[in-house]
S.K.: 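Quick one: structure below, then a few questions.
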Amino acid sequence: MSERVTWSREDVIVAYALYCIIPLNQIRLTNRLIQQVAEGFSHSASSLVMRMQNFAAIDPNSKVKGATHVAKMDREIFEEFKHDWGELSIQAEKLTGLALFDANPLNGAKPLSTLTDKNKVSRERHFFRSSVFASYENSCCISGMTVPAMLVASHIKPFRSCRTTSERTDPANGLLLNTFYDKAFDQGLITVLPDYTIRCSALIHRQTDDFTNQWLIGLEGKTIALPERFYPNTEYLEYHNDVIFKG
C-alpha cells in the first residue's frame with residue numbers, strides 16, 4: 001500500500017501505544033508485533049516504525065533526540081494521552097483487535113476477546129506492566145536482573161492508593177524491580193528519592209546479618225538505572241518517601 005495514505009487519528013493512537021510498550025532498541029522492521037499490527041493496518045511496517053520514532057523524538061524523557069519535522073497530529077496525540085494511559089490502552093487494543101499488552105516478542109499478540117467493563121482494569125494493568133518493562137529494557141533498575149519471571153512492574157505510589165486511572169496506569173509511576181527489591185520497596189524498607197538515589201529504612205540499618213548488609217544496606221546512596229523514557233515522576237517518589245517509607 002502507498003506510503004502516502006493519510007494517517008488518521010486512530011492510526012496515530014495505535015502508533016503511540018506501540019511506542020509506549022516496545023523498547024526503543026526493538027522499534028525496527030523485524031519486530032513481530034509491529035509486523036502483525038501492520039498486516040491489518042493501512043500503513044506498512046516501515047511507515048509505522050517511522051511514526052513510532054517520531055514519538056521517541058518528541059518525548060522529553062526519551063534518549064532519542066533530533067527530529068525536527070514531526071506531524072502536528074503526533075504532538076496532539078502525545079499531549080492528549082500522556083495523562084490518560086488507561087484510555088490509550090483500551091482504544092489501541094480495540095482499534096487493532098489484538099491483545100497488544102500481552103504480546104510475546106517472538107510470536108506477537110493474540111486476537112483480543114470482547115472488552116467489557118469487568119476486565120477494563122485488567123487491560124489497564126497489562127498496559128502498565130508492558131510499558132514499564134519496555135522503559136527499563138526488561139532489566140531491574142537496582143540489580144540489573146533480566147530474568148522475566150523474577151521481575152515486577154512495581155507501582156511507586158501503590159495501586160491501592162491511586163485515586164485516578166491515570167495514576168494507576170502512568171508508566172512514570174513504575175519501577176522495574178526484581179521480586180526481592182519489589183517486596184522491600186512495597187514494605188517501605190527502601191525508597192527512591194527524587195534525585196533517584198536509594199535510601200534504606202532505619203529498620204534495615206539495625207540488622208547485622210551479612211545478607212542484609214550486602215543486599216540492602218549496601219544500596220544506601222546508590223542511584224537506580226534510569227529508564228529510556230517515562231522517568232519516575234517526582235510526585236510519586238515523594239509520596240512513597242512520605243507515606244510508605246519507614247524512615
Side-chain angles (χ1 to χ4, degrees), residues 1-24 26-29 31-62 64 67 69-103 105 108-117 119-135 153 164-174 228-230:
M1 184 171 288
S2 172
E3 291 300 310
R4 295 186 178 182
V5 174
T6 301
W7 278 76
S8 68
R9 167 184 163 83
E10 290 75 17
D11 295 340
V12 179
I13 287 173
V14 171
Y16 183 44
L18 289 177
Y19 162 72
C20 290
I21 64 168
I22 295 178
L24 294 182
Q26 294 181 25
I27 298 178
R28 52 178 181 258
L29 294 179
N31 184 287
R32 176 54 190 147
L33 182 57
I34 293 175
Q35 293 176 347
Q36 190 176 10
V37 170
E39 288 168 3
F41 209 46
S42 55
H43 305 276
S44 68
S46 60
S47 183
L48 186 55
V49 165
M50 290 179 63
R51 209 75 183 201
M52 294 168 68
Q53 291 172 337
N54 283 354
F55 286 115
I58 64 178
D59 186 344
N61 287 326
S62 168
V64 175
H69 298 92
V70 177
K72 178 181 178 182
M73 189 180 295
D74 294 355
R75 298 185 186 277
E76 290 175 347
I77 294 298
F78 180 85
E79 290 299 320
E80 177 180 350
F81 288 102
K82 70 179 182 180
H83 297 304
D84 198 359
W85 309 105
E87 186 61 24
L88 173 66
S89 65
I90 296 300
Q91 286 199 33
E93 290 196 321
K94 282 183 177 179
L95 290 168
T96 60
L98 297 171
L100 297 176
F101 313 122
D102 300 322
K110 295 180 180 179
L112 184 68
S113 60
T114 303
L115 284 173
T116 65
D117 290 339
N119 67 15
K120 180 180 179 180
V121 172
S122 174
R123 303 313 309 158
E124 292 170 347
R125 281 180 177 269
H126 283 256
F127 169 80
F128 175 79
R129 181 182 185 278
S130 296
S131 60
V132 172
F133 267 70
S135 295
T164 65
T165 297
S166 178
E167 287 187 342
R168 290 191 293 270
T169 54
D170 187 353
N173 188 23
E228 56 184 12
R229 60 201 146 171
F230 302 130

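Since we're looking at a predicted model, the values are computed, not measured.
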S.K.: Going through the checks in order, is the side chain to side chain contact (heavy atoms under 4.5 Å, CB included) test met by F55 and V12?
M.R.: CA-CA 10 Å; F55 286 115; V12 179; 3.6 Å; yes
S.K.: Could you grab the distance from atom NZ of K82 to atom OG of S166, nearest 0.5 Å is fine?
M.R.: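 OG of S166 is found 11.0 Å from NZ of K82.
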S.K.: I need the full list of salt bridge (Lys or Arg N to Asp or Glu O under 4.0 Å) pairs touching residues 124-134, with sequence neighbours left out, sorted by first then second residue.
M.R.: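 Pairs touching residues 124-134 that pass the test: none.
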S.K.: My understanding is that only residues two or more places apart in sequence, or in another chain, count here; which of them pass side-chain hydrogen bond (donor to acceptor under 3.5 Å, both in side chains) with D84?
M.R.: none
S.K.: I'd like to check the side chain to side chain contact (heavy atoms under 4.5 Å, CB included) partners of R168; sequence neighbours left out, ordered by chain and number.
M.R.: F159, C162, T165
S.K.: Has the side chain of S47 got a donor or acceptor atom that lies under 3.5 Å from a matching backbone atom of H43?
M.R.: no
S.K.: Atom CD of Q53 and atom CE of M50: how far apart are they, to the nearest 0.5 Å?
M.R.: 7.5 Å
S.K.: Indicate the ring-plane relationship of F230 and W85, choosing parallel, tilted or perpendicular according to the 30° and 60° boundaries.
M.R.: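 The rings of F230 and W85 stand perpendicular, inter-plane angle above 60°.
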S.K.: Sequence neighbours left out, what passes side chain to side chain contact (heavy atoms under 4.5 Å, CB included) with I13? Give chain and number order.
M.R.: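 With neighbours one apart ignored, the set is R9, I77, F81, L88, Q91, L95.
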S.K.: Considering residues at least two apart in sequence or located in another chain, which fulfil the salt bridge (charged side-chain N to carboxylate O under 4.0 Å, His left out) criterion with D11?
M.R.: none
S.K.: Listed by chain and number, what are the side-chain hydrogen bond (donor to acceptor under 3.5 Å, both in side chains) partners of N31, not counting sequence neighbours?
M.R.: none
S.K.: Minimum heavy-atom separation for A92 to A17, with atom names?
M.R.: CB-CB, 3.4 Å
S.K.: Indicate yes or no: at least one non-hydrogen side-chain atom of M73 is less than 4.5 angstrom from one of F78.
M.R.: no
S.K.: Any side-chain donor paired with an acceptor under 3.5 Å for S46 and S44?
M.R.: yes
S.K.: Are L18 and L48 side-chain neighbours, meaning at least one heavy-atom pair lies under 4.5 Å?
M.R.: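 Side-chain contact under 4.5 Å: yes.
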S.K.: With sequence neighbours excluded, what pairs up with Y19 under the side-chain hydrogen bond (donor to acceptor under 3.5 Å, both in side chains) test?
M.R.: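 Checked Y19 against side-chain hydrogen bond (donor to acceptor under 3.5 Å, both in side chains); matches are D59.
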S.K.: Any side-chain heavy atom of V132 within less than 4.5 Å of one from F127?
M.R.: no
S.K.: If you take all heavy atoms of I90 and R123, which pair is closest and at what distance?
M.R.: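 That closest heavy-atom pairing would be CD1-CB, 3.9 Å.
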S.K.: Work out which heavy atom in C20 is nearest to a heavy atom in A134; give both atom names and the distance.
M.R.: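 Taking C20 first and A134 second, the nearest heavy atoms are O-CB, 4.0 Å.
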S.K.: Specify the closest pair of heavy atoms between T169 and G86, including all atoms of both residues, with the distance to one decimal.
M.R.: OG1-N, 3.3 Å
S.K.: Hey, are D74 and R51 close enough for a salt bridge, meaning a charged N less than 4.0 Å from a carboxylate O?
M.R.: yes
S.K.: Checking N173 now: which residues fulfil side-chain hydrogen bond (donor to acceptor under 3.5 Å, both in side chains) with it, not counting sequence neighbours?
M.R.: none
S.K.: Given the rule in the side chain to side chain contact (heavy atoms under 4.5 Å, CB included) test, do L29 and I34 qualify, once you have shown the distances and angles that lead to the verdict?
M.R.: CA-CA 7 Å; L29 294 179; I34 293 175; 5.9 Å; no
S.K.: So do the side chains of R75 and N54 get within less than 4.5 Å of each other, counting heavy atoms only?
M.R.: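 The answer is no, as the side chains (C-beta and beyond) never meet within the 4.5 Å cut-off.
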S.K.: By side chain to side chain contact (heavy atoms under 4.5 Å, CB included), which residues pair with R32, not counting sequence neighbours?
M.R.: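 Counting only residues at least two positions away or on another chain, R32 forms a side chain to side chain contact (heavy atoms under 4.5 Å, CB included) with Q35, Q36, E39.
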S.K.: For S130, give me all partners under side chain to side chain contact (heavy atoms under 4.5 Å, CB included), at least two apart in sequence or on another chain.
M.R.: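 S130 satisfies side chain to side chain contact (heavy atoms under 4.5 Å, CB included) with I21, F101 only.
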S.K.: Do the non-hydrogen side-chain atoms of L98 and E93 ever get within less than 4.5 Å of each other?
M.R.: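 No. Closest side-chain heavy atoms not under 4.5 Å.
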S.K.: Please examine the side chains of H126 and S89, heavy atoms only from C-beta on, and report whether any two atoms are closer than 4.5 Å.
M.R.: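 Sidechains of H126 and S89: no contact.
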